[in-house]
Amino acid sequence: MELLASWVKPQPNTVKVSVDATIFEDRSEVGFGMVARDSDGRLIETKVLTKSECISPVLAEAIAVKEALSWID
């Protein structure tokens, strides 16, 4: 099954933060990426970080959301 996703812009005068996580099993690391865009889709800021952990995909996504919330605070 192929999953197709497309970016949907937020309401005017707001910012949308997209978050993702990936697991690098060969290095026992997890990576997180965050992108903030305005309501016209223009890039505001990005953040990428890695941690030396071996965790489940669900936990990696949850940590990515937590990191994004701390980032935008």
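- Placement of Ile23 and Phe32 within a single hydrophobic cluster is found when ILVMFWY residues are connected by side-chain heavy-atom separations under 4.5 Å, directly or transitively.
- For Asp26, the side-chain contact (heavy atoms from CB on, under 4.5 Å) partners are Phe24, not counting sequence neighbours.
- Applying the salt bridge (charged side-chain N to carboxylate O under 4.0 Å, His left out) criterion to Lys51, with sequence neighbours excluded, gives Glu67.
- Residues Pro10 and Lys16 share a closest heavy-atom pair of CG-CB, 3.7 Å.
- Minimum interatomic distance between Ala21 and Ala60 (heavy atoms only, all atoms of both residues): CB-O, 3.5 Å.
- Between Val19 and Glu61 the shortest side-chain heavy-atom distance does not fall below 4.5 Å.
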Residue pair Val30, Ile63: steps toward the side-chain contact (heavy atoms from CB on, under 4.5 Å) verdict: CA-CA 10 Å; Val30 62; Ile63 292 171; over 6 Å; no
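- Every residue two or more places apart in sequence or in another chain was checked for a salt bridge (charged side-chain N to carboxylate O under 4.0 Å, His left out) with Asp20, and none qualifies.
- A distance of 7.0 Å separates CH2 in Trp71 from CE in Met34, rounded to the nearest 0.5 Å.
- Remark: the backbone N or O of Arg42 is not paired with any side-chain donor or acceptor of Asp40 at under 3.5 angstrom.
- Cluster annotation: Val35 is not connected to Leu69 through the hydrophobic network of ILVMFWY side chains, with a link wherever side-chain heavy atoms come within less than 4.5 Å.
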